[in-house]
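First the proteins, then the strands, lettered A, B, ... as listed; each starts at 1.
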There are 4 protein chains.
Amino acid sequence: MSTAPSRRSEKARQAILEAAFGLCVERGLAATTIEAIAARAGVAKTTIYRWWPSKAAILLEVVEVRRSADGGYPDTGDIMADLATQTANVTRLFETELGAIWRGLIAAAQTEDIAAEGVRRILRGAIDECVARLAKARDAGQIREDLDLEIAVELIYGPIYHTWLLGTRAMSPPFMDSVLDALRPSLQPPPSCGVGPPPVAG
Amino acid sequence: MSTAPSRRSEKARQAILEAAFGLCVERGLAATTIEAIAARAGVAKTTIYRWWPSKAAILLEVVEVRRSADGGYPDTGDIMADLATQTANVTRLFETELGAIWRGLIAAAQTEDIAAEGVRRILRGAIDECVARLAKARDAGQIREDLDLEIAVELIYGPIYHTWLLGTRAMSPPFMDSVLDALRPSLQPPPSCGVGPPPVAG
Amino acid sequence: MSTAPSRRSEKARQAILEAAFGLCVERGLAATTIEAIAARAGVAKTTIYRWWPSKAAILLEVVEVRRSADGGYPDTGDIMADLATQTANVTRLFETELGAIWRGLIAAAQTEDIAAEGVRRILRGAIDECVARLAKARDAGQIREDLDLEIAVELIYGPIYHTWLLGTRAMSPPFMDSVLDALRPSLQPPPSCGVGPPPVAG
Amino acid sequence: MSTAPSRRSEKARQAILEAAFGLCVERGLAATTIEAIAARAGVAKTTIYRWWPSKAAILLEVVEVRRSADGGYPDTGDIMADLATQTANVTRLFETELGAIWRGLIAAAQTEDIAAEGVRRILRGAIDECVARLAKARDAGQIREDLDLEIAVELIYGPIYHTWLLGTRAMSPPFMDSVLDALRPSLQPPPSCGVGPPPVAG
DNA sequence: TCCTAAACGAGACGGTACGTCCTGTCTTAGT
DNA sequence: ACTAAGACAGGACGTACCGTCTCGTTTAGGA
């Protein structure tokens with residue numbers, strides 16, 4: 001979220017990212033103003049406007065920095081278990097401070113192009129990771145051959161975002177278990193009808 | 001979205017709803033201000049604040065009024081066909097002016113309680129209709145017995161909202177076909193393994 | 001400096017004029033900002049911008065209000081004495097707080113049309129008063145018949161403003177006495193050359 | 001308006017003076033910023049701040065450079081004619097681009113010490129020239145013996161600046177003729193009452 | 001039919017934040 | 001060593017809306 005012509009003050013950048021994060025945690029992204037970020041960071045407004053085109057851009061950078069500390073997609077060899085782990089991680093993350101910011105960015109993305117692009121970019125990375133894991137699982141015979149993996153990602157994460165963003169229900173861990181259980185027939189290869197080994201067992 | 005003590009001017013109410021709708025169509029909900037609505041409606045700001053607590057409340061009323069003109073959930077007896085019809089309707093609606101407003105309301109709902117409640121209220125109705133249709137289909141043996149129907153709704157609409165709100169892909173009709181195809185094993189009863197016809201006649 | 005549609009808050013107007021005056025006294029017109037005026041007056045910036053087009057306009061109103069408390073041009077019957085009195089008053093006024101503001105307005109008038117018009121308007125009144133007094137003196141035979149009275153005003157006040165604005169010398173009372181003394185031959189009717197009564201004595 | 005430690009880039013100095021002059025001509029001194037001067041001169045702001053303490057200082061240097069191209073005070077032997085010539089030159093100059101800059105510097109001088117000192121310095125030279133010419137005229141019997149020549153300068157230039165800076169009237173050549181005509185009795189020696197020719201031959 | 005209380009239009013008000021502009025200082029590279 | 005370039009903290013600008021608050025002026029019902 002910025003070009004970096006070496007002349008730039010890294011100290012100011014850090015202060016801005018931290019101030020923005022702190023303010024969003026305290027009052028939410030929508031109630032966080034650029035003036036307040038500048039004030040808390042001990043920085044001039046101009047310094048912010050010089051490097052970021054909007055409030056959303058700052059927070060996108062915050063999210064990216066923090067997200068890059070993640071490990072990759074879980075891989076125990078058992079795709080259903082890994083999906084359960086990962087979706088549980090996601091739902092847990094959504095309840096944290098970072099989740100609140102992410103929610104605000106998604107809201108902003110409905111209006112601002114900058115936010116929309118940023119959100120898409122971040123999601124693209126996450127989706128690609130998930131698709132890669134699913135591809136590996138498919139090679140291991142754990143996922144139906146005929147399933148478009150991008151669609152699979154929508155099936156898995158669609159219900160999470162639907163629930164989370166629209167507040168149609170509480171987003172408890174049992175909920176995600178139910179979703180994955182329900183999706184199992186769509187994800188896994190069909191049973192070979194009595195004879196032959198069960199789908200997962202080696 | 002208002003008490004209605006008979007003294008209220010119906011003319012003003014209509015003018016406000018129309019002005020609000022028109023402005024949102026032209027510039028989006030976020031860029032629509034109460035001052036602009038008042039100006040276009042030829043109404044005092046006070047009149048708006050008297051009857052609606054926020055911009056979102058006005059638009060929620062607009063959406064409800066327009067939505068009430070809908071027919072109910074399609075019911076041809078074939079649940080998969082009806083789901084295809086209905087999801088196609090929804091995705092088509094999302095591309096219209098009303099869809100843009102709905103998108104703005106969902107964004108507002110991430111921040112404002114009023115918007116959140118309104119969105120939930122409207123969605124509740126839609127979900128209940130869908131659940132009712134699914135229940136009927138289950139009774140007709142078209143839906144797995146062990147499927148929680150509220151979860152089923154999430155499986156079906158989650159991908160739509162995920163795609164639409166997060167912009168992860170274009171939201172074409174073939175996309176929804178793929179989603180429903182992929183979901184088929186999870187929605188329909190399992191084949192009876194050899195005996196009896198397969199679920200989709202062929 | 002403002003239309004007055006009765007809805008206007010007289011309290012705010014007074015507070016603004018007083019705050020503006022006070023701040024100009026303390027830091028000078030140039031260093032007085034509209035934000036500071038608003039803050040000191042306990043008023044929103046918008047309220048100032050609603051009624052005055054610029055800082056200069058506010059101070060022009062201050063000057064006019066205060067100036068209207070003046071008595072008219074002195075008139076003892078002796079024009080030279082009255083000119084001495086009046087120019088002494090003016091030079092004294094120039095050293096006061098109001099004088100400092102007037103100086104600032106004249107500076108502003110070199111740039112802004114609003115200030116220029118206001119300054120001209122105020123000066124027009126003062127000049128007209130002086131011309132009227134001179135006309136009366138001319139009728140009394142104390143001023144040369146062939147002297148254009150508007151020019152006379154320039155002769156009298158030109159040196160005052162020249163000295164004051166350009167800082168070419170200290171502007172002491174003796175200075176103005178010298179100026180008036182030097183101007184005497186230009187203002188008064190020529191002596192009737194030995195025979196006849198002296199110019200002023202009845 | 002600068003120390004000159006030999007290391008200084010004469011090219012930069014010229015570029016700055018020209019840029020400053022050009023910008024003042026185009027938009028006026030008040031609207032000319034140091035940033036704009038630096039940009040047009042192709043020079044860093046630092047370079048300007050190193051050598052001049054303020055915008056006014058730059059323009060004072062511009063004015064002094066251009067003014068030094070003047071010839072001295074006119075001297076035909078006839079003081080009234082020379083005054084007419086010189087005041088006409090001045091009023092003509094005031095309408096030029098340099099006049100506009102001079103006007104801006106006088107405005108600045110009401111606020112800034114640097115500008116005030118510069119304006120005084122420049123005026124001091126002009127006044128001294130005029131006083132010298134008047135002294136010569138007095139020796140030639142063309143100016144009253146008892147007239148303080150510094151006061152005489154105020155009488156002559158006061159009306160010009162009064163008119164020019166305060167905009168009380170158009171500053172046409174006939175205006176200056178009227179002023180000098182009106183001042184004649186104050187400047188010239190009194191007629192010797194009967195014997196000898198009247199001051200203006202006729 | 002009149003009276004009265006509400007709802008209404010109009011818009012001033014105190015505020016907050018916006019994004020821009022310029023100030024004068026400072027830091028970093030490049031001659 | 002001086003320069004060009006430009007980042008930086010600071011602060012005022014004038015604008016746009018916010019939501020609240022009088023103002024008279026309709027206007028609709030109950031007396």
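- Distance B/Glu10 CD to E/dC8 P: 11 Å, rounded to the nearest Å.
- Summary of the strand contacts: A/Ala12 and B/Thr32 both lie near DNA chain F, and taking for each the nucleotide with the nearest heavy atom, the more 5' one is attributed to A/Ala12.
- Between E/dG9 and B/Thr47, a contact under 4.0 Å exists linking OP1 or OP2 to a side-chain N or O.
- Within the 4.5 Å cutoff, side-chain heavy atoms of B/Arg40 are placed close to those of B/Glu26.
- The CD1 atom of D/Ile34 sits 18 Å away from the P atom of E/dC21 (whole-angstrom rounding).
- Note: CD1 (C/Ile48) to P (E/dA12) measures 15 Å, nearest angstrom.
- Spacing between atom CD of C/Glu35 and atom P of F/dC13 amounts to 6 Å, rounded to whole angstrom units.
- When the side-chain nitrogen and oxygen atoms of A/Trp51 are compared with OP1 and OP2 of F/dA7, none of them lie within a distance under 4.0 Å.
- Closest approach of D/Leu17 to D/Glu61, counting heavy atoms only: CD1-OE2, 3.9 Å.
- Side-chain atoms of C/Thr46 come within donor-acceptor range of the base of E/dG15, with a qualifying N/O pair under 3.5 Å.
- Nearest nucleotide to the C/Arg7 side chain, out of F/dT22, E/dT20, F/dT20: F/dT22.
- Remark: side-chain polar atoms of D/Gln14 are not paired, donor with acceptor, to backbone N or O of D/Glu10 under 3.5 angstrom.
- Within the structure, every side-chain polar atom (N or O) of A/Trp52 is placed at least 4.0 Å from both OP1 and OP2 of E/dG19.
- Computed from coordinates, the B/Arg50 CZ to F/dT20 P distance equals 12 Å when rounded to whole Å.
- Distances were taken from every side-chain heavy atom of C/Tyr49 (C-beta onward) to each of E/dG14, E/dC13, F/dT15; the shortest belongs to F/dT15.
- For B/Lys55 and F/dC18, the NZ to P distance is 7 Å, given to the nearest whole Å.
- When the nucleotides F/dC13, E/dA7, E/dC13 are ranked by their closest atom to the side chain of C/Ser9, E/dC13 comes out on top.
- The closest donor-acceptor contact from the side chain of A/Thr32 to the backbone of A/Gly28 lies under 3.5 Å.
- Nearest-nucleotide assignment on DNA chain E puts the 5′-proximal partner with B/Val43, out of A/Ala36 and B/Val43.
- Proximity of A/Val119 to A/Trp102: side-chain heavy atoms (C-beta onward) are separated by under 4.5 Å at one or more points.
- Protein atom CD1 of B/Ile37 is 18 Å distant from nucleotide atom P of F/dA16, rounded to whole Å.
- Put simply, CZ on C/Arg40 is 14 Å from P on F/dA12, counting in whole angstrom units.
- With distances taken from any side-chain atom of B/Lys45 to the nucleotides E/dA7, E/dA12, E/dT23, the minimum falls on E/dA12.
- Applying the 3.5 Å distance criterion, the base of F/dG11 shares no donor-acceptor pair with the side chain of C/Thr33.
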